[in-house]
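Proteins get letters first, then strands, A, B, ... in listed order; numbering begins at 1 in each.
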Amino acid sequence: MYILVSRTGTRSLRVRGLGALGAPDETDLTLTVAEFREFAAEREVLLPRWVWNDTASVYPLLLSGGVRVRRAHDLRLCHAILRLSEATAGSALANAPTSDWDAASPVTVAQETGATLFDLDLGSATAASPSGDDLSEFKAQLDAVAAAAEPGRLRLLLAAESVGALIAAEMQFAGLPWRSAIHDRLLTAELGARVAPGLRPARLEELADRIRSALGESTLNPDSPPELLRALNRAGVATASTRAWELEKIDHPVIEPLLRYKKLARLLSNNGWFWMESWIVQDRFHPEYLPGGVVTGRWATRGGGALQLPHQVRGAVVADPGWTFVVADAAQLEPRILAALSADTAMATAGRGVDLYAGIVASGVVETRAHAKVAMLGAMYGATSGESGRLLPRLARAYPRALAMTEAAARAGERGDVVSTRLGRSSPRPGPAWHDDQGRATEAGATAADERRARSQARDWGRFTRNFIVQGSAAEWALCWMAEIRKGLWDLSGTDGTGQAGHGAGQALTNPFQNAPHLVFFLHDEVIVHTPAELSDRVSAVVTAAAETAGRLLFGDFPVDFPLTCVVVDSYADAK
DNA sequence: TCTGCATGCAGC
DNA sequence: ACGCTGCATGCAGA
């Protein structure tokens with residue numbers, strides 16, 4: 001059962017029943033959020049799929065009214081997938097002229113209204129985006145999927161992408177518990193007492209002085225890389241850059257204070273007091289998640305650098321009193337994805353235990369875990385030189401199917417061809433400039449430089465497509481994992497007697513997560529669930545079972561494991 | 001003064 | 001000459 005939902009105003013929604021699409025439903029109503037809550041509750045037993053243009057534009061409004069939904073279809077995100085997918089290349093949708101359904105990025109409520117990310121009041125929100133005819137777009141999408149060779153995979157992908165959008169909105173709404181007081185103590189311990197913006201805290205000032213005296217430059221600003229580089233060279237330090245990993249190799253009295261300075265200066269500028277005041281509201285961090293924000297299907301984020309939370313500050317992520325975190329991450333996800341994608345049973349066997357790299361060592365392929373890791377990463381990223389490059393032939397002998405698959409993806413990219421993930425997300429084609437450069441290199445008057453340039457760009461694109469199939473399929477696994485976690489938590493909170501929470505669309509709470517375990521963070525292959533402490537065992541079981549289900553959804557009976565490290569902690573810093 | 005680019009580094 | 005990101009900062013050019 002499908003129900004189309006569109007925003008008609010700041011707080012009103014139009015709902016149109018589509019029945020099962022062959023048998024149209026006459027429902028066509030304009031509802032307030034409160035009325036929508038009742039409407040949705042009445043239909044919940046029918047497991048409706050709510051179809052809307054843009055989750056980021058509609059769902060926050062529902063959440064602010066205390067409404068959660070189980071299933072959705074995000075037309076914007078699904079359009080983006082179907083437009084590019086090889087599996088739907090012949091469809092009317094893929095061949096239509098570009099429209100605002102192809103707009104590059106979501107228009108969020110915050111952007112529409114100029115509201116801050118935390119202002120969930122939605123004051124003067126305007127129409128949703130994109131604004132195209134949702135019903136005909138939905139039909140075009142269903143047609144495109146139905147005509148695909150393996151519609152099941154695409155259906156799974158679209159469902160996973162759409163539930164991902166629900167989860168993204170819910171996580172932004174709920175926020176990651178973040179204790180400003182702890183963060184402040186942590187910063188003070190590292191940097192010294194807080195000082196006015198523009199000044200250096202004591203620890204940083206001391207280090208700057210030590211750097212200046214070690215270099216004999218009393219006015220040096222260590223925050224300016226060019227200035228620092230010149231000073232280093234003048235002092236006889238032979239380096240071409242000021243990168244930390246270059247400086248580490250050098251033996252000179254300035255190096256130790258300089259490296260410490262860089263580390264602390266970065267903490268201050270990226271996650272210092274200013275960051276804290278900008279992003280932490282009532283002990284919650286509310287980054288905006290952007291499902292499908294990366295071409296591979298990974299999520300991007302906006303605001304607060306949520307993809308780069310340094311380990312240094314994770315101690316400030318502490319569960320509420322009486323609550324705890326279940327923190328889980330998939331162990332060596334990408335190599336396992338590659339093993340399954342390529343049906344490389346030898347590599348899958350190496351991954352039978354919790355440590356795939358140890359399994360590779362145990363099989364006698366390489367001597368150390370570090371070698372196994374660097375070799376695998378090299379295979380997936382396209383390394384050609386260094387230790388990684390040297391180890392690749394051994395990996396290729398042990399795992400010919402897996403390595404053949406990454407090689408084939410790279411060759412396809414070098415030709416300018418498209419590659420696809422397990423569920424059917426396809427890579428973009430290289431742009432006209434890329435083709436121009438390739439063409440120029442084959443013309444009569446091509447110079448050596450033309451050829452070098454073309455070859456280099458072809459290899460660049462090959463490394464991109466090589467990685468695309470693995471990173472993109474891993475992103476699909478992660479979406480399925482989270483979708484199953486969400487489903488498990490939903491059912492858990494509805495049956496455990498903790499009270500009113502959990503029955504989504506029908507509940508009367510303002511905050512739908514107030515009493516129920518819920519996802520609060522996601523980062524590629526890692527999730528955090530915030531849960532009442534007494535449910536942590538059951539939440540862990542849900543998270544673990546979800547990983548197994550995700551593996552089956554993507555790879556059926558192929559014998560590949562996706563083990564997790566899953567811990568129950570009060571602070572994120574204790575997770576690993 | 002504003003904007004875009006380069007550098008450097010945090011995460012996976 | 002090893003994939004995908006986001007963000008702060010300094011700096012050059014408009």
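Counting non-hydrogen atoms under 4.0 angstrom, A/Ser456 reaches nothing in the nucleic acid. Counting any heavy atom pair closer than 4.0 Å across all strands shown, A/Arg314 reaches sugar-phosphate atoms only and no base atom. Counting non-hydrogen atoms under 4.0 angstrom, A/Arg298 reaches a base of the nucleic acid. Counting any heavy atom pair closer than 4.0 Å across all strands shown, A/Gly304 reaches sugar-phosphate atoms only and no base atom. Contact annotation for A/Ser388: no contact, since no heavy-atom pair falls under 4.0 Å across all strands. Contacts of A/Ala244 with the nucleic acid, taken as non-hydrogen atoms under 4.0 Å apart, involve only primed sugar atoms and P, OP1 or OP2.
Proximity note for A/Asn467 (side chain, C-beta onward) versus C/dG3, B/dA10, B/dC12: the nearest is C/dG3. In the set B/dC9, B/dC12, B/dA10, B/dA10 carries the atom at the smallest distance from any side-chain atom of A/Lys263. When distances are taken from the side chain of A/Asn270 to each of B/dC12, C/dA8, B/dA10, the shortest belongs to C/dA8. For A/Pro225, counting side-chain heavy atoms from C-beta on, the closest listed nucleotide (B/dC12, B/dG8, C/dG3) is B/dG8. Comparing B/dA10, C/dG6, C/dG3 by their closest approach to the side chain of A/Tyr381 singles out C/dG3. For A/Lys262, the side-chain atoms get nearest to B/dC9 when compared with the rest of B/dC9, C/dC4, B/dG11. Which of B/dA10, B/dC12, C/dC2 sits closest to the side chain of A/Ala383 comes down to C/dC2. Distances were taken from every side-chain heavy atom of A/Gln308 (C-beta onward) to each of C/dG3, B/dC12, C/dG6; the shortest belongs to C/dG6. Closest to the A/Trp245 side chain, of the nucleotides B/dC9, C/dT5, B/dC12, is B/dC9.
Looking only at distances, no side-chain donor or acceptor of A/Glu484 sits under 3.5 Å from a matching main-chain atom of A/Thr549. No donor-acceptor distance shorter than 3.5 angstrom exists from the side chain of A/Arg422 to the backbone of A/Phe555, with no hydrogens or angles considered. A donor-acceptor contact shorter than 3.5 Å is absent between the side chain of A/Arg298 and the backbone of A/Ala475. Although no hydrogens or angles enter the test, the distance criterion places no donor-acceptor pair under 3.5 Å between the side chain of A/Asp329 and the main chain of A/Val527.
Here A/His311 reaches the OP1 or OP2 of B/dG11: one of its side-chain N or O atoms lies under 4.0 Å away.
Straight-line distance from the CG atom of A/Leu523 to the C1' atom of C/dT5: 10 Å, rounded to whole Å. Atom CG in A/Leu229 sits roughly 21 Å away from atom P in C/dT9 (whole-Å rounding). As rounded to whole Å, 9 Å separates atom P of B/dC12 from atom CG of A/Asp329.
Of the residues A/Arg463, A/Arg401, A/Arg466, the one that meets the salt bridge (charged side-chain N to carboxylate O under 4.0 Å, His left out) test with A/Glu407 is A/Arg466. Of the candidates A/Phe521, A/Trp275, A/Tyr572, A/Phe285 forms a ring pair (Phe, Tyr, Trp, His ring centres under 6.0 Å) with just one, namely A/Trp275.
Of the two residues near DNA chain C, A/Arg459 and A/Gln471, the one whose nearest nucleotide lies more 5' is A/Arg459.
For A/Arg266 and B/dC9, a side-chain-to-base donor-acceptor distance below 3.5 Å is present, hydrogens and geometry of angles not being considered.
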